[in-house]
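Reading through the structure tokens given below for one structure.
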Amino acid sequence: MKIGIVGLGYVGLPLAVAFAEAGNEVVGLDADARKVEGLNAGRSHIEDIPDTVLASLDERLRASSNQAELESCEAVIVCVPTPLTGSREPDLTYLNESAATLSAVLQPGQLVVLESTTYPGTTRERLLPILEESGMKAGRDFHLAFSPERIDPGRTDYTVRTTPKLVGGITPACTERARELYALVCEEVVALSGPEPAELAKLLENIFRSVNIALVNELSQLCDRLGIDVWEVVEAAATKPFGFMRFDPGPGMGGHCLPVDPFYLAFKAREHDFYPEFIELAGKVNRAQPGYCVDRIARALNEAERSVKGSKVLLLGVSYKPGVGDVREAPALEIVTLLRELGAEVSYHDPFVPEIAELGLRSVALEGALAEADIAAIVTAHPQVDYAEVVAAAPLTIDFRGVTREIESPSLVRL
Ligand SMILES: NC(=O)c1ccc[n+]([C@@H]2O[C@H](COP(=O)([O-])OP(=O)(O)OC[C@H]3O[C@@H](n4cnc5c(N)ncnc54)[C@H](O)[C@@H]3O)[C@@H](O)[C@H]2O)c1
């Protein structure tokens, strides 16, 4: 098959590679000319896809900026970003733009699948009308379905092939076409009655995580008051083999999904005069966690008879999770801003993030920086860092990830 993928990011590129590895011809369209150029020169911009994988595809995957390339594809999968606006409402700009692009080149018989995470109704109410501006009718002249992406960047135990794939088309025939498409690369495809349950299932998955993370984040604050080690509590509860799923506290929630997706559902709910309280409360607790971490840094400095103002704070890890360089919505960004507002001098070390342009910061070498800092704060625990050495070298260390539990030191504080 010839398959088009619109948007070659964390979702689109691994999917494009999976289809190409299965022997299909894949053309990826991206609005970012540097990504297109890089990919065609064999350079990957996604940690999970090494350059060697691109080289092994025998040119079955090509990147392009030319929308006309989509005309000859049997199926086109849309994987563009779905962020929030400044007022935390769904921002469907990328989706609308890519739909307009597609509408201009849509061919009879083509299958279009949306993978971007969004609120229930988007495929039918937003994407379908734009595609039908082509003069063709969905379900009759072309096929249309939604299939949520479940990729977890950095994860190796579950892949595109081994993670079950949900599909829901606007007609049973659309669902069947989508099922056939994903059966090329997924061991299990689960057909649903339409796009809406598929859209909402993805949101449920992410809201489930957001709510549970909020629960343990709030518990971490309570444990602080009670003088109980929250990590010991979580670990103890996790020994129960049924009825409990472990979530760890931390400095807040980051990435393109968890801090964003719940608000897509809250927006849709408000349209129906419904106010989903779990979602809003979890968002509120998780968004307050970076501020709580800054309070903990201030307290730790205070114990050492220092003020935040004028102190040198070194953050260890700024991406939103270990092993990736993605800083979108990362709690570290908020922590830097809040510390600067209090007059701290902030630097960071992150092997995956060479610079944070919007904050005017570049990653510093660990050696030297640790001794120079007044406090080192472990915000994201990348596996490459030796945390025993960090605790030994820094005058004071605060650990928001529970990676120093085996270490005893008077200069160490944990969430
Ligand atoms: N990152 C994840 O872990 C993850 C997991 C599951 C679902 N999702 C969802 O998948 C979608 C994509 O997320 P992502 O992390 O891959 O984003 P990303 O920013 O990494 O990639 C999106 C790509 O789309 C390109 N793009 C934007 N507008 C375009 C257009 N009009 N035409 C062509 N290309 C365009 C961008 O240049 C970018 O390369 C989002 O809806 C997200 O919520 C992400």
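All ligand and atom numbering here is 1-based and tracks the order in the structure.
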Task: Pocket residues of ligand 1, ordered first by chain and then by residue number (heavy-atom cut-off under 4.0 Å) - done: Val6, Gly7, Leu8, Gly9, Tyr10, Val11, Leu29, Asp30, Ala31, Asp32, Lys35, Cys79, Val80, Pro81, Thr82, Tyr94, Glu97, Ser98, Ser116, Thr117, Glu149, Ile151, Pro153, Lys202, His256, Cys257, Arg328

What pairs of donor and acceptor atoms, side-chain ones from residues 188-197 against any protein atom, are under 3.5 angstrom apart with sequence neighbours left out?
| residue | atom | partner | partner atom | Å |
| --- | --- | --- | --- | --- |
| Glu196 | OE1 | Arg124 | NH2 | 3.2 |
| Glu196 | OE2 | Arg124 | NE | 2.7 |

TODO: Output yes when Arg155 and Asp157 qualify as a salt bridge under the 4.0 Å nitrogen-oxygen rule, no when they do not.
DONE: yes

Open item on the list: Going by side chain to side chain contact (heavy atoms under 4.5 Å, CB included), Tyr264 matches just one of Thr122, Ile279, Leu92. Which one?
Closed with: Leu92

Open item on the list: Do Lys268 and Glu199 have side chains that approach each other closer than 4.5 Å (heavy atoms only, starting at C-beta)?
Closed with: no

TODO: Indicate yes or no: at least one non-hydrogen side-chain atom of Asn217 is less than 4.5 angstrom from one of Tyr292.
DONE: no

Open item on the list: Using the rule side-chain hydrogen bond (donor to acceptor under 3.5 Å, both in side chains), only one of Arg179, Lys165, Glu115, Lys202 pairs with Ser147; which is it?
Closed with: Lys165

